[in-house]
Amino acid sequence: MTVDGRTALTGIVGYPVSHSLSPLMHNAAFGELGLNMVYLPFSVAPEALPQGVAGLAALGVRGFNVTIPHKVAILPLLHEITPEARAIGAVNTVLNRDGLLTGYNTDGIGLLRALEGEFGFYPAGRSVLLLGAGGAARSAVAALSLAGAARVVVANRTKERGEELVASVAPHLPGTLLQSAPFTLLSDAGFLSGFDLLVNTTSVGMGGSAFGDLALTGLPPHAAIYDMVYAPLETPLMEQGRGVGLPVANGIGMLVAQGEAAFTIWTGQQPPAGCMKRAVLEGIGAATLDIVRQSK
Ligand code: ATR
């Protein structure tokens, strides 16, 4: 890669950003396509976000990703927000057109592409059970609903948070029956029998942690289980799902697909097939090695 006077800048704004895999993904794709672009990490503290965003616009960056903790706080700093990002209430990708900043959310399309790629699953007319009610759950509810899901049920450990999520997105998503359910229902096989897809949007599974009592045997035989967690690559939930003979997948597909969608927003081009996924898997391999080395 050669940086010269014409290199276009992109990057990620977060706090912290040092563990992000996005620089690896995007720089790999820029390199393979021979685009004169570079993707950088921008560590911006919450109180500096307005100056940070104004600075990026003034410097003429082509666009940037937004990650924790700025995905919601950035909304009032942008000039336009897509209807999907508005429904989700969070932005993960910004395009800068001559100082006009447009906020997108590619997490939802990332999930839909992953479900299609992993399971051949299309949400239209289907019933989905979502575990969790944080930002990742919001993007999933909006994407599934906008793709025609008949019913989405949010089950969250803190029931009130699930109820709040449903109440806040429902006005934007009139085509889908949106409900919340108590976490205790997850141990009821009869309850699970009503769903075509189970999606884990919580952090449970990271580092090998597991849910307590999940009655996965209740899911119908055609159902699939998608876990947004990707470290470890095989989560306890996936093992449990395999144990009852259901198709399962980890969050790598979604991580890569949200990045591919952002790449296309900035460049107008598709990244080369498999390129960003390879970069992520190599990055995770390297990170695992680092942990092993540090613990020695
Ligand atoms: P994100 O934006 O990535 O979704 P978040 O807003 O912190 O992250 O949300 C984390 C989600 O994981 C929440 O739904 C949280 O449940 P609570 O609302 O009850 O806190 C869920 N979560 C985290 N640890 C959990 C655990 N041990 N068991 C069940 N749910 C858990």
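All of these numbers come straight from a predicted model, not from anything done at the bench. Atoms within a ligand are numbered from 1 in the order they appear, just like the ligands themselves.
- Taking the six-membered ring for Trp and thresholds of 30 and 60 degrees, His26 and Trp266 have ring planes inclined between 30 and 60 degrees apart.
- Here the straight-line distance linking atom CG of Asp107 with atom CE of Met254 works out to 4.5 Å at 0.5 Å rounding.
- Those atoms of ligand 1 with a heavy atom of Ser203 less than 4.0 angstrom away are 12 (O), 23 (C), 24 (N).
- Scanning the protein for heavy atoms near atom 19 (O) of ligand 1, the closest one is Thr158 OG1, 2.5 Å.
- In this structure, the protein non-hydrogen atom closest to atom 1 (P) of ligand 1 is Gly135 N, 3.6 Å.
- Exactly one residue among Thr176, Val152, Val153 makes a side-chain contact (heavy atoms from CB on, under 4.5 Å) with Val141. That residue is Val152.
- Protein heavy atom in closest approach to atom 14 (O) of ligand 1: Asn156 OD1, 2.6 Å.
- Applying the side-chain hydrogen bond (donor to acceptor under 3.5 Å, both in side chains) criterion to Tyr122, with sequence neighbours excluded, gives Glu116.
- Within ligand 1, counting atoms from 1 as listed, the ones closer than 4.0 Å to a heavy atom of Val204 are 25 (C), 26 (C), 27 (N), 28 (N), 29 (C), 30 (N), 31 (C).
- A side-chain contact (heavy atoms from CB on, under 4.5 Å) with Met25 is found for exactly one of Glu260, Arg278, Met276, namely Met276.
- Among Gly134, Ser139, Gly212, the residue whose heavy atom sits closest to atom 9 (O) of ligand 1 is Gly134.
- For the salt bridge (Lys or Arg N to Asp or Glu O under 4.0 Å) condition, the pairs that include at least one residue of residues 76-98, sequence neighbours left out, are Glu80-Arg97.
- Residue contacts with ligand 1: Phe183 is placed with no nitrogen or oxygen under 3.5 Å of a nitrogen or oxygen of the ligand (distance criterion only).
- By the 4.5 Å heavy-atom criterion applied to side chains, Ile12 and Phe64 are not counted as neighbours.
- Under a cut-off of 6.0 angstrom, the local environment of CD1 in Ile68 is sparse, with at most 12 non-hydrogen atoms contributed by other residues, nucleotides or ligands.
- Set against the non-hydrogen atoms of Thr202, the atoms of ligand 1 under 4.0 Å away are 12 (O), 21 (C), 22 (N).
- Atoms of ligand 1 lying under 4.0 Å from at least one heavy atom of Gly132, given by number and element, are 14 (O).
- Under the 4.0 Å distance rule, the nearest protein heavy atom to atom 7 (O) of ligand 1 falls outside the cut-off.
- Taking only non-hydrogen atoms, the option from Glu164, Arg161, Lys159, Arg157 nearest to atom 10 (C) of ligand 1 is Arg161.
- Residues Ile252 and Val199 fall into different hydrophobic clusters, defined by Ile, Leu, Val, Met, Phe, Trp and Tyr side chains chained together at heavy-atom separations under 4.5 Å.
- Taking any N or O of Phe211, backbone or side chain, none lies under 3.5 Å from an N or O belonging to ligand 1.
- By the 3.5 Å distance cut-off applied to N or O atoms, Ala133 is counted among the residues near ligand 1.
- Of the protein's non-hydrogen atoms, the one nearest atom 3 (O) of ligand 1 is Ala136 CB, 4.3 Å.
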